[in-house]
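This report refers to the structure that appears directly beneath it.
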Amino acid sequence: MINRYTVIGQPIAHSLSPPIHELFGELTQRRISYTRTECTPATFVETVRDWQANGGRGCNVTMPFKELAPEACDRLSRAAERAGSVNTILMHRDGSRVGHTTDGAGLLADIGRNRRRPLAGRRVLLLGAGGAARAVVEPLLGARPAALHVTNRTAARAEALADAFASFGPVTGAGIDALDAEAPFDIVVNATAASLAGELPPLPDTLLAPGALAYDMTYAPGDTVFMAWARERGADVADGFGMLVEQAAEAFGIWEGVRPKTRMAWARLHDVRTRATDGADGRVDIQRRSS
Ligand code: NDP
């Protein structure tokens, strides 16, 4: 029997999740199919229900539905409940649906395991306070940084996010204009959508400690503006493709009970990425390519 999965988003045509999960199926010798499904906010919950009613075993959820997705679930993992965000739904044969968030585990696996950058004892900055930032605060604190500072264009959202997770570790929140006083940082994670628009938040020159890692959750064929800015200042840089792959591996593990060994497959995963970004007409579309 083939287990059927899909990723639901809007827009969704450029999602790399189908080829990534098909490769995982091959690596783990599981028979799966994985498609893309587009819907609107008004039809999201119904779309999830229909997928299950038609035999689906699970789905991924991407922009802009992650914060709406808890409504489509009967139960949530504790992490998803605290984050208020679901990117993976497991569909049981009894008709129930359980929501999980794998974004935090994906980010940690990419920074800690793939890039060998331990977070423990480091000063970490999280730029942004939207859905992606919210999903990673608790996992980041679980990695025991010396300090986690959250900053955002809208300061009140950064402050509220830090307050919500204050019992999990040393986290503070403030507006971008107060960053100079907090700098420098060893690891800076850009969880804003600014790179999608080719924009750079107003960052002080003092931001990066020597040897810092600047990690942009957005991924693109070349450097994002944030990566280019950090590279010019001597930082080690990375984009969010590794996070995308690792969060997908976590989701696959939830559905199929086996986590694909991503370290065995990087060459093929990079092929997936290259094929997707080398459009036949040479046009490269990074817009909203989040899952
Ligand atoms: P949201 O819309 O929920 O949040 C957007 C955030 O970006 C807010 O903090 C917003 O600030 C900020 N922002 C938007 N535009 C600008 C700008 N021009 N300058 C400064 N700040 C800005 O989006 P998500 O949190 O869901 O996604 C954020 C990014 O993370 C996206 O690029 C997405 O593709 C990426 N992502 C990647 C994943 C991966 O696996 N690699 C997984 C999940 C997300 P404000 O509050 O002031 O509006």
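Predicted, not measured: the structure shown is a model, and the values here were computed from it. Because only heavy atoms are used, hydrogens play no part in the values below, and waters and symmetry mates are left out as well, while side chains stay in. Read the numbers this way: they start at 1 and go in the same order the structure lists the ligands and their atoms. We're numbering straight along the sequence, starting at 1.
The side-chain tip of Arg4 points at the ring of Trp51 from less than 6.0 angstrom away and within 45° of straight on.
In plain terms, the two heavy atoms of Arg82 and Phe165 that are nearest each other are O-CZ, 3.7 Å.
When heavy-atom distances to ligand 1 are checked against a 4.0 Å cut-off, Ala191 comes that close only through its backbone atoms N, CA, C and O. Residue Asn152 touches ligand 1 through its side chain alone, judged by heavy-atom distances below 4.0 Å. Only the side chain of Lys66 comes within 4.0 Å of ligand 1, judged by heavy-atom distances.
Compare Ala158, Gly175, Ala193 by their heavy atoms: the one nearest to atom 7 (O) of ligand 1 is in Ala193. Which of Arg134, Met243, Gln247, Arg153 comes nearest to atom 14 (C) of ligand 1 through a heavy atom is settled by distance: it is Arg153.
At a cut-off of 3.5 Å, with distance as the only test, a side-chain donor of Asn60 or Thr88 sits close to an acceptor on the other residue.
Heavy-atom contacts from other residues, nucleotides or ligands closer than 6.0 Å to CZ of Arg233 number more than 12.
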| query | Under the side chain to side chain contact (heavy atoms under 4.5 Å, CB included) criterion, do Val150 and Val171 qualify, and how do the steps go? | reply | CA-CA 7 Å; Val150 184; Val171 56; 3.9 Å; yes
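Between Phe241 and ligand 1, no N or O atom pair is found at a separation short of 3.5 Å. No N or O atom of Ala133 sits closer than 3.5 Å to an N or O atom of ligand 1. The N/O atoms of Leu196, backbone and side chain alike, include none that comes under 3.5 Å of an N/O atom in ligand 1. Taking distance alone, with nitrogen or oxygen atoms compared against 3.5 Å, Pro201 stays at or beyond that limit from ligand 1.
The shell of residues lying under 4.0 angstrom from ligand 1, judged by heavy atoms, includes Ala129.
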